[in-house]
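Here's the structure, in structure tokens; my notes come after.
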Protein chains: 2
Amino acid sequence: MPVAKKNRLTQEQFDAIARAVADPRRFAILKQIAAQPTMGCGSLEEHKTISPATISHHIKELTEAELVEVAREGRCAHLTLRRDVWDAYLSQLSSL
Amino acid sequence: MPVAKKNRLTQEQFDAIARAVADPRRFAILKQIAAQPTMGCGSLEEHKTISPATISHHIKELTEAELVEVAREGRCAHLTLRRDVWDAYLSQLSSL
DNA sequence: CATCCATTTCGATGTGCGTCGAAATATCCG
DNA sequence: CGGATATTTCGACGCACATCGAAATGGATG
């Protein structure tokens, strides 16, 4: 169950997301995760551009910001965007 | 007439805005500018916290991201948020 | 012009973080 | 088990940038 309602972000989480989005490459990764229903292992575009270590780092940042969720299934890692968190971020942003 | 329609952001501008928003203090400044209709000289909260040099720097960043507009009137600097740009940013974000 | 105040510029400093290579760890398959 | 492939961790490096103090600029006013 992916569930989990999220209506308000802590200041800390808000900052984490803002930081996560600020890096173009990380944002590109996030976009791909959002596009795919569930993102399989090494199917990220960035695999051709960036080193595995860096990708892993970015994904870690994204998960720690609670923007994406990781589900390991064998050697595949399924990545899914947490829409609720993303929406919360947008909503908080738009109330500038 | 403050005018100026802005429907689409260049990648460069998008990144600049994302970066600008990523810094908590700078975002706080932006919020105050957004709140006040026109923000007078040294009426920023941050004047008690941050050095003038730093404030000036942040405002420069914000203007270079075209997020705020500066109008000098004597020794006062009027700061206004460019809603069109901000909305464009939000819109672009939400289409993840 | 001289003084005052607000803002900017400049230069220096410290730090956060994106990046990588290499080693460690994990997972699968034969 | 042993080899192959995928991901993570670790350590180091370099750069971008937030921050400041001090000096410079600019505009108002006496």
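Protein chains get the first letters and strands the later ones, always in sequence-line order, with residue 1 at the start of each.
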Checking all strands, does B:I59 fall into the base, sugar-phosphate, or nothing category for heavy-atom contacts under 4.0 angstrom?
-> nothing
What is the distance, rounded to the nearest whole Å, between atom [atom1] of [X] and atom [atom2] of [N]?
X	N	atom1	atom2	answer
A:R72	C:dT25	CZ	P	16 Å
A:H58	D:dT7	NE2	P	16 Å
A:R26	C:dG16	CZ	C1'	12 Å
A:D15	D:dA18	CG	P	14 Å
B:I55	C:dT9	CD1	C1'	16 Å
B:H47	C:dA6	NE2	P	8 Å
A:I50	C:dC17	CD1	P	17 Å
B:H57	C:dA12	NE2	P	17 Å

Write down the atom of B:R72, the atom of B:A77, and the distance for their closest heavy-atom approach.
-> NE-CB, 4.1 Å
Return the minimal non-hydrogen interatomic distance between B:L93 and A:W86, and the atom names on each side.
-> O-CZ2, 3.4 Å
Can A:D84 and A:R82 be said to form a salt bridge (charged side-chain N to carboxylate O under 4.0 Å, His left out), step by step?
-> CA-CA 5 Å; A:D84 53 337; A:R82 291 195 49 178; 3.3 Å; yes
For B:T54 and B:S51, does a side-chain donor sit closer than 3.5 Å to a side-chain acceptor?
-> yes
Nearest listed nucleotide, side chain of B:S56, among D:dT8, D:dC20, C:dT8 = C:dT8
Closer to the 5' end of DNA chain C via nearest nucleotide, is it A:A53 or A:D23?
-> A:D23
At under 4.0 Å, does any side-chain N or O of A:T54 touch on OP1 or OP2 of C:dT19?
-> no
Can you find a side chain N or O atom of B:R19 that sits less than 4.0 Å from OP1 or OP2 on D:dC17?
-> yes
